[in-house]
Amino acid sequence: MKYNFITAQEAAATICNGDTVGIGGFSSVGTPKVVPAALAAYATQLHQEGKEFKIGLITGGAAGSQVDSALTLAHAVSFRTPFQSNKEMRNAINQGEVNYFDAHLSMIGQDIKYGFLGKINVAIIEASDITEKGEIILSTSVGISPTLVEMAEKIIIELNETHHGKLTGMHDLYIPKNPPYRRAIPIYHVNDRAGKTSLKVNASKVIGIVKTCGKDSIVSFTPTEETTQRIGHNVAAFLLNEWKRGAIPTEFLPLQSGVGNIANAVLGALGEDRKLPSLTMYTEVIQNAVIDLMMEGRIRFATGSSLTISDDHLDTLYNYIDAFKNKIILRPQEITNHPETIRRLGIIAINTALEADIFGNVNSTHVLGSKIMNGIGGSADFSRNAYLSIFTTPSTAKNGFISSIVPQVSHIDSTEHDVKILVTEQGIADLRGKSPLQRAECIINNCAHPDYKELLWDYVKLTAGKAHTPLSLQNAFKMHLYFAETGDMRNTHFQ
């Protein structure tokens, strides 16, 4: 099947003011690269001519600077969903220029199919290859690309020749039918396949193909420092103890891990512990540590929605692609994050918090309750349905001026009902089977920084013994208020 080859500028010119545009990719990889840049330039030109031009932007997850920075700086975005982690986009959202609504990543593809987000006028998808039948071989991620291709009125394909011939066979593209025709997802082990390796496209919707050649340019993670190393080793020690006492099956259970330096440190610590058996992963993001541990034989299989790895690790993957193809599957996020598969497989979920309160509620997204940092991502998809839900955070931030353990989080993303284990570099709080007061005691004793323990105990004493939950409405956000006023939570005084 033949498609027309067009330029990025020609593709951008087919997008109209007010269109809703779906961007393929996930976690800043496998995203289109040249069409968004051309679209930003097109928007700037129209604005200079005094014409309006803004689009709604729906992605699978983080879209990276080539999408979010370019379009935000061109003032070309009216709304954005779901996950973002880009500085320019974040500033535009917090300044009220872009309307942003967060969503669980397992839900966004389904919401599109149900029609909850209106029509998708244009989908822009990155491919690594196109088959003789005209089907798409996706590149380094899947995200919601299958849903976008199905639901969009028009499709633009970026064919990235960097990945030519490398990724064929690595994808497993399966999307559940809509109710009432939905069936069980046929995944019973992490390496089971449920769908196809290529993506069928309605050729009549394809505007054209834009050729590109470029890697995702994910920056290497910074080396682990003492705090992240201690968090990693604390998580590893906890899981080893659970395994030894029989609370985790002998063959162990699949791991899910969020993205970032702490997640890499946790995986590294688990891989170093040779007492544990080799591991499997059922996760969203396959990152550098996973590739390293596969090379060492410590991870035997991983499935995710993206290969969020730095260029040097992508080179390693491609140098040993025949071996890695037998160890990695890339799936839609609707499947990697689906409650059914998470619960069935017994996932051990490890995610990162910005702050946690003494009852176990977690804030993953907001600073001081109002300024967005990023989206919730898939952390709650996993934490609510996991066999074990673990959240990690350094006990302090901003050189100790902020305590990550507070009386009440300023924004709740994962409730106390979904957080089973809390880990900082100070220690481990096992919250299972504990009342609110018992959780508070456990978290303060084991996870709070020494500079804040006495302060947190002062708070608990205000209402302890007077109610089921030792919450003081008058003082719950005092630590946040004192930081906003003085720049140091240690100045807090409760009344």
Side-chain angles (χ1 to χ4, degrees), residues 94 227 230-231 234 262 351-373 376 379-380 383 389-495:
N94 284 322
T227 297
R230 286 170 63 185
I231 291 171
N234 283 344
I262 291 179
N351 288 286
T352 304
L354 284 180
E355 64 177 356
D357 65 34
I358 58 175
F359 309 115
N361 298 296
V362 161
N363 171 17
S364 303
T365 61
H366 283 72
V367 174
L368 297 178
S370 60
K371 291 188 176 180
I372 192 76
M373 277 292 292
I376 190 173
S379 59
S383 63
S389 62
I390 302 169
F391 277 87
T392 65
T393 181
S395 64
T396 62
K398 297 291 184 184
N399 297 315
F401 296 138
I402 294 175
S403 173
S404 299
I405 307 300
V406 292
Q408 183 73 40
V409 288
S410 57
H411 176 90
I412 298 180
D413 291 296
S414 295
T415 75
E416 61 191 273
H417 310 292
D418 303 326
V419 180
K420 305 303 181 187
I421 313 295
L422 185 63
V423 180
T424 70
E425 82 283 3
Q426 302 295 323
I428 304 158
D430 186 344
L431 308 180
R432 293 171 292 180
K434 291 181 171 63
S435 70
L437 180 57
Q438 290 172 327
R439 289 198 298 272
E441 293 171 345
C442 184
I443 290 171
I444 295 171
N445 284 334
N446 294 293
C447 293
H449 191 277
D451 288 353
Y452 289 96
K453 283 183 186 287
E454 185 176 349
L455 185 60
L456 291 166
W457 279 122
D458 288 344
Y459 173 82
V460 171
K461 292 172 185 176
L462 292 172
T463 59
K466 299 177 182 178
H468 171 62
T469 299
L471 172 69
S472 168
L473 294 175
Q474 184 180 1
N475 292 282
F477 297 112
K478 279 283 181 70
M479 289 175 68
H480 298 91
L481 291 170
Y482 271 86
F483 175 76
E485 292 170 3
T486 72
D488 192 341
M489 281 188 177
R490 290 171 296 190
N491 294 328
T492 304
H493 296 286
F494 296 118
Q495 297 176 348

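Atoms considered below: every heavy atom in the structure, side chains included; atoms not considered: hydrogens, waters and symmetry mates.
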Review point. Just by distance, with hydrogens left out, do Asn361 and Thr415 show a side-chain donor and acceptor under 3.5 Å apart?
Key: no

Check your understanding: For Ser383 and Asp418, does a side-chain donor sit closer than 3.5 Å to a side-chain acceptor?
Key -> no

Point to revise | Where Val406 and Glu355 come nearest, the two heavy atoms and their spacing | key: CG2-OE1, 3.7 Å

Review point. How far apart are the closest heavy atoms of Asn363 and His366, and which atoms are they?
Key: ND2-O, 2.7 Å

**Study point:** Heavy-atom check, side chain of Leu431 versus side chain of Lys420, under 4.5 Å
**Key:** no

Practice item. Compare every heavy atom of His411 with every heavy atom of Gly369, then report the nearest pair and how far apart it is. Key: CA-CB, 4.2 Å

Revision key, fill the gap. Rounding to 0.5 Å, atoms OG1 (Thr392) and CD1 (Ile231) come to a distance of 5.5 Å

Review point. So which heavy atom on Val367 is nearest to which on Met373, and how close?
Key: CG2-CG, 3.4 Å

Check your understanding: Nearest 0.5 Å, what's the CG-CG distance between Leu455 and Asn491?
Key -> 10.0 Å

Check your understanding: Any ring-ring contact (aromatic ring centres under 6.0 Å, His included) pairs touching residues 473-495, not counting sequence neighbours?
Key -> Tyr459-Phe494, Phe477-His480

**Study point:** Heavy-atom side-chain contact between Ile372 and Thr365 under 4.5 Å
**Key:** yes

Point to revise | Working for side chain to side chain contact (heavy atoms under 4.5 Å, CB included), residues Ile428 and Ile421 | key: CA-CA 7 Å; Ile428 304 158; Ile421 313 295; 3.9 Å; yes

Review point. Is there side-chain contact between Thr469 and Phe359, with at least one heavy-atom pair below 4.5 Å?
Key: yes

Exercise for review: Output the distance between atom CD1 (Ile402) and atom CG (Leu354), rounded to the nearest 0.5 Å.
Suggested key: 9.5 Å

Study note, to complete from the structure: Of all heavy-atom pairs linking Thr393 and Ala353, the shortest is OG1-O, 3.2 Å

Exercise for review: Any chance you could measure Leu481, atom CG, to Leu368, atom CG, to the nearest 0.5 Å?
Suggested key: 9.0 Å

Check your understanding: Would you say Val460 and Ile444 make side-chain contact, with heavy atoms under 4.5 Å?
Key -> yes

Revision key, fill the gap. One should read off an interatomic distance between Cys442 SG and Arg432 CZ, to the nearest 0.5 angstrom, of 10.5 Å

Exercise for review: Any chance you could measure Asp357, atom CG, to Leu471, atom CG, to the nearest 0.5 Å?
Suggested key: 9.0 Å

Point to revise | Pairs where residues 443-456 contributes a residue and the test side-chain hydrogen bond (donor to acceptor under 3.5 Å, both in side chains) is met, not counting sequence neighbours | key: none

Point to revise | Side-chain touch Gln495/Asn475, heavy atoms, less than 4.5 angstrom | key: yes

Revision key, fill the gap. Residues pairing under salt bridge (Lys or Arg N to Asp or Glu O under 4.0 Å) where one sits in residues 459-485, two or more places apart or in two chains, turn out to be none

**Study point:** Any Ile405 side-chain heavy atom under 4.5 Å of Gln426 side chain
**Key:** no

**Study point:** 4.5 Å side-chain heavy-atom contact, Pro470 and Leu437
**Key:** yes

Exercise for review: Mind listing the closest non-hydrogen atom pair of Pro407 and Ile358 along with its distance?
Suggested key: O-CG1, 3.8 Å

Check your understanding: Under 4.5 Å between any side-chain heavy atoms of Ser395 and Cys447, yes or no?
Key -> no

